[in-house]
Amino acid sequence: MKMIIKNGTIVTANDSYKADILIENRQIKAIGTDFDTADAQVINAADKYVMPGAVDVHTHIDLQAGQFHTSDDFFTGTRAAVCGGTTSVIEHLAFGPKNCSLRYQIDKYKKNANEKTVIDYGLHGVIQYVDDNVLKEMEQLTAEGISSFKIYMTYNFALDDASILRVLKKAQELNAVIAVHCENDTMINYLRQKYVREGNISPYYHALSRSDDSEAEAVERVLHLAHIADDAPIYIVHLSTKKGLDVIRQARSNGQKNIYAETCPQYLVCDAACYKRADGLKYVMSPPLRKKEDITALWRGLADGSIDVIATDHCPFYWKSDKQAGINDFTKCPNGAPGIEERAIIMFSEGVMKDRITLNKYVELLCTKPACIYGMYPQKGTLLPGSDADIMIIDPSENQKMNINNLHGTVDYTLYEGLNVKGKIINVIRAGEIVYDGNFTADAGTGSFIERRVLK
Ligand code: URP
Ligand code: ZN
Ligand code: ZN
Ligand code: ZN
């Protein structure tokens, strides 16, 4: 089937220009003018921005965390994603049974996702311990299109420095990317235990127990470890602090290569005052929300290129049931918040429409850079002949108020309830097909696994 998107402003990471897009066989066939519209489905995009479908490289759509399970599965999570303009995701696997192989979790996720996903997806292998077999699996999986791995410096399967070094050295040999959750586990446990002992168990103490020092220390340590491992490719997930950002800048200015950094909308829009609200448990996530100064520093970091990617860390737990587990003790609240559908429009409104980032920077941060870093470019993340026809169309003249009832996931709250949003996503095209135009129309299992390459 042939589709033509006419009269829009095409926006990529480098360019904005008026042209039409011709789509055939799930891909962009050509960009130009005067395409023959006979037999074509035509979308009029006059006065609209035509952008690559957004790429979300940090999701926990389907996560078992202790007794809790995220509210989404791969159908509802990717439905929410695509209605919010996101046409590909890379999921961070949950921890599996103790001592399980990497492949054990990957097989489980692939089966599940293949049955349910409505958009293309990739997987990050999550490393929960390190031995010779795991290192061998990294090699095999990289060859099979899983060219990135996630490690944690906190939680139950935190790796020690010796293990991190082994993973980083293997990644350097493979040119695979290691995504790291950077928080100093010892500092956090010390403060958590102290606050609980003192009876300080309200959500605000979640933020105090995970101080900016714990993020900055972990970022600094892991960057030094990556440096020792011959500048292994390292990607800092969900950066939330000015201190952590300063450490990244310092390492780069020392000449260290292959450092990438990600932040998420919640760290750019919400601050730690949210924990003092009656519904403060909604905001319990790790790392926690920070101070206004951190928010200002992160926006600067996006604008000046110090931060490469905006992803979501989408990890939805029901407010009315699961998040309430923290009502008498913040340490019992499952960590994580939803955001897969909100990201693209919130960042458009808060970033582009408030002149904090340019339109091209917006596309770079949400589409192009994440696709490049994780080996999916130019299939994903841009608008070029030959790229997948994954496209988001935004009308900058429409305003809306964020409201959970208008979202398409399963979770019962949004962090941004009531926020005035400038701009609206009016069409989302996935593999050359309109799957959202105010209504969602896609079937479970119509997305595919993305075989990703290694970093160039
Ligand atoms: O609180 C969060 N972010 N939960 C999801 C897991 C993680 O740390 O990324
Ligand atoms: Zn994390
Ligand atoms: Zn160093
Ligand atoms: Zn995460």
Side-chain angles (χ1 to χ4, degrees), residues 56-72 77 81 89-96 105 109 121-128 148-159 164 177-185 188-189 192 203 205-207 209-210 214-215 218-219 222 234-241 244 260-268 270 272 274-275 280-290 309-319 322-323 325-326 330-340 342-343 370 374 409 411 413 415:
D56 190 350
V57 294
H58 187 165
T59 64
H60 306 271
I61 290 172
D62 193 336
L63 177 77
Q64 186 72 40
Q67 68 190 98
F68 302 102
H69 195 281
T70 47
S71 61
D72 281 326
V89 292
I90 309 182
E91 172 83 350
H92 290 250
L93 308 185
F95 295 127
Q105 283 297 86
Y109 269 75
Y121 75 97
L123 299 172
H124 298 287
V126 170
I127 296 178
Q128 49 192 77
S148 57
F149 300 89
K150 169 80 169 288
I151 62 174
Y152 290 86
M153 297 172 84
T154 187
Y155 299 147
N156 286 346
F157 290 101
L159 297 188
I164 293 175
V177 178
I178 301 302
V180 196
H181 175 128
C182 295
E183 287 187 292
N184 179 307
D185 195 51
I188 292 167
N189 287 331
R192 270 158 80 95
Y205 289 90
H206 170 72
S209 68
R210 309 183 91 97
S214 66
E215 179 170 277
V219 172
V222 85
I234 186 142
Y235 177 97
I236 310 295
V237 299
H238 52 42
L239 185 76
S240 64
T241 60
Y260 304 97
E262 163 201 286
T263 191
C264 310
Q266 54 271 32
Y267 302 115
L268 296 162
C270 310
C274 292
Y275 294 115
L281 286 170
K282 287 179 182 169
Y283 299 84
V284 170
M285 64 186 83
S286 296
L289 301 175
R290 304 293 185 180
V309 171
I310 300 175
T312 63
D313 197 14
H314 178 72
C315 188
F317 295 105
Y318 287 115
W319 155 241
D322 298 353
K323 298 296 268 186
F330 71 86
T331 65
K332 304 281 192 302
C333 181
N335 279 213
I340 203 165
E342 296 95 317
R343 174 183 64 143
Y374 285 114
V411 78
Y413 76 100
L415 299 175

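Ligands are counted one by one from 1 in listed order, and the atoms in each one are counted from 1 as well.
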Could you tell me whether D313 approaches ligand 1 through its side chain, its backbone, both or neither, with non-hydrogen atoms closer than 4.0 Å?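 D313 to ligand 1: side-chain contact only, backbone stays beyond 4.0 Å.
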Just by modelled atom types, is the [Y] backbone N or O under 3.5 Å from a matching donor or acceptor in the [X] side chain?
| X | Y | answer |
| --- | --- | --- |
| Q64 | A94 | no |
| E262 | Y235 | no |
| T70 | C315 | no |
| Q266 | A337 | no |

Atom 6 (C) of ligand 1: the protein heavy-atom neighbour that sits closest, reported with distance to 0.1 Å: H60 NE2, 3.5 Å
For atom 8 (O) of ligand 1, grab the closest protein heavy atom and report residue, atom and distance to one decimal in Å. Y155 OH, 2.7 Å
Could you check which N/O/S atom of H238 is closest to the Zn ion (ligand 2)?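 Restricting H238 to its N, O and S atoms, the minimum distance to the Zn ion (ligand 2) goes to NE2.
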Check all N, O or S atoms of H181 and name the one closest to the Zn ion (ligand 2). ND1
Check this for me - ligand 1, [X], N or O atoms closer than 3.5 angstrom, yes or no?
| X | value |
| --- | --- |
| G336 | yes |
| N335 | yes |
| S286 | yes |

Please lay out, stage by stage, how H206 and Y283 fare under the test ring pair (Phe, Tyr, Trp, His ring centres under 6.0 Å). CA-CA 10 Å; H206 170 72; Y283 299 84; over 10 Å; no
Under 4.0 Å from any heavy atom of H181, which atoms of ligand 1 are there?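 Listed by number with element, the hits are 7 (C), 8 (O).
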M285 heavy atoms, cut-off 4.0 Å: which ligand 1 atoms fall inside?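 That gives atoms 1 (O) of ligand 1.
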Is there an N/O/S atom in H60 that lies less than 2.8 Å from the Zn ion (ligand 4)?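 Of the N, O and S atoms in H60, at least one lies under 2.8 Å from the Zn ion (ligand 4), which means yes.
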Is the distance from the Zn ion (ligand 4) to some N, O or S atom of C315 under 2.8 Å?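 Given the 2.8 Å cut-off, C315 does not count as a ligand of the Zn ion (ligand 4).
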According to the interplanar angle, ranging from 0 to 90°, do the rings of F317 and F68 count as parallel (below 30°), tilted (30 to 60°) or perpendicular (above 60°)?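 F317 vs F68 ring planes: perpendicular.
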Students often mix this up, so state it plainly: with edges at 30° and 60°, are the rings of Y267 and H238 parallel, tilted or perpendicular?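 Perpendicular.
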Before we go on, tell me: are the rings of Y155 and F95 under 6.0 Å apart, centre to centre? no
Looking at D313, the N/O/S atom that lies nearest to the Zn ion (ligand 4) is called OD1
Mind checking whether H238 has a heavy atom under 4.0 Å from ligand 1? yes
How close do C182 and V219 get, heavy atom to heavy atom, and via which atoms? CB-CG2, 3.7 Å
Tell me, please, if H92 has any N/O/S atom, main chain or side chain, under 2.8 Å from the Zn ion (ligand 2)? no
Looking at N189, I'd like to know if its CG atom is crowded, meaning that more than 12 non-hydrogen atoms belonging to other residues, nucleotides or ligands lie closer than 6.0 Å.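 Atom CG in N189 is crowded, with more than 12 foreign heavy atoms closer than 6.0 Å.
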